[in-house]
Amino acid sequence: MSDQQFNSSAAEPVIPRPPVTVVALRAAVERLDPGQTAKFDKESAEFEAESTASGSDAPVSTFLRKWAVWVERTRVPATAARVRELEAAMGSAKTDDEARAVAVEMSELLHKVTADLALP
C-alpha cells in the first residue's frame, strides 16, 4: 500500500457532477469511459425490469447509487488512479492486517468523494 494520502484538491474533475438520474449518469459514463456504456445500458434495463416486476423503486435506486458512485470515483483522475492502486494493493495484500488497512483507506476515500452526493 502506498503512503500517499488522498488529496481531493490535487486534481479537478474532468466533468461536472451529474444529477443522479439514468439519463444524466449515462451521459457521464459515456464521456468518462465509453466502453462502460453497454454495461450501464444492460444493467439499466435489468434493474428497470426488476422494478416493474416487483412494483418497487428499490432496484432502480440501487442501480442509480451504484453508477453515481462509479461516476464520482471516475470523474476525478487522481481519485480513479488511487482507487486502482488500492484495488491492486488489496489483491496483493499478504496479511489480514494489510488487507484491512487497504479496505479502511478505500472506505475513507469513497466516503470522501461521495459525501455530498444526493443519493436516492
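Hydrophobic cluster membership differs between Trp70 and Val83, with clusters built from Ile, Leu, Val, Met, Phe, Trp and Tyr side chains linked at under 4.5 angstrom. Put simply, Val76 and Val69 are part of two different groups of oily side chains (I, L, V, M, F, W, Y) that touch within less than 4.5 Å, one to the next. Hydrophobic clustering (ILVMFWY, side-chain heavy atoms < 4.5 Å, transitive): Val14 and Val71 are in one cluster.
Judged as a side-chain contact (heavy atoms from CB on, under 4.5 Å), and not counting sequence neighbours, Ser107 has no contacts. Arg17 is linked by a side chain to side chain donor-acceptor pair (under 3.5 Å) to Glu72, counting only residues two or more places apart in sequence or in another chain. The side chain to side chain donor-acceptor pair (under 3.5 Å) search around Asp116 returns none, not counting sequence neighbours. Partners of Lys66 under the side chain to side chain donor-acceptor pair (under 3.5 Å) rule, at least two apart in sequence or in another chain, are Glu43.
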Using distance only, find each side-chain donor-acceptor pair of residues 18-35 under 3.5 Å and give its atom names and separation, not counting sequence neighbours.
| from | atom 1 | to | atom 2 | distance (Å) |
| --- | --- | --- | --- | --- |
| Thr21 | OG1 | Ala24 | N | 3.1 |
| Arg26 | NE | Asp41 | OD1 | 2.6 |
| Arg26 | NE | Asp41 | OD2 | 3.4 |
| Arg26 | NH1 | Glu30 | OE1 | 3.1 |
| Arg26 | NH2 | Asp41 | OD2 | 2.9 |
| Asp33 | OD1 | Gly35 | N | 3.2 |

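Atom OG1 of residue Thr79 and atom CG of residue Leu109 lie 6.0 Å apart, to the nearest 0.5 angstrom. Taking CE from Met106 and NE2 from His111, the interatomic distance works out to 15.5 Å, rounded to the nearest 0.5 Å. Rounded to the nearest 0.5 angstrom, Arg82 CZ and Arg73 CZ are separated by 13.0 Å.
Of all heavy-atom pairs between Ser56 and Pro59, the closest is O-CD, 3.5 Å. Across every non-hydrogen atom of Ala68 and Leu117, the tightest pair is O-CD1, 4.0 Å.
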Test side chain to side chain contact (heavy atoms under 4.5 Å, CB included) on Val102 and Glu98 and set out the steps.
CA-CA 6 Å; Val102 172; Glu98 284 180 20; 5.6 Å; no

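For residues 45-65, the salt bridge (charged side-chain N to carboxylate O under 4.0 Å, His left out) pairs, not counting sequence neighbours, are Lys42-Glu46.
Classified by interplanar angle (parallel below 30°, tilted 30° to 60°, perpendicular above 60°), the ring pair Trp67/Phe40 is perpendicular.
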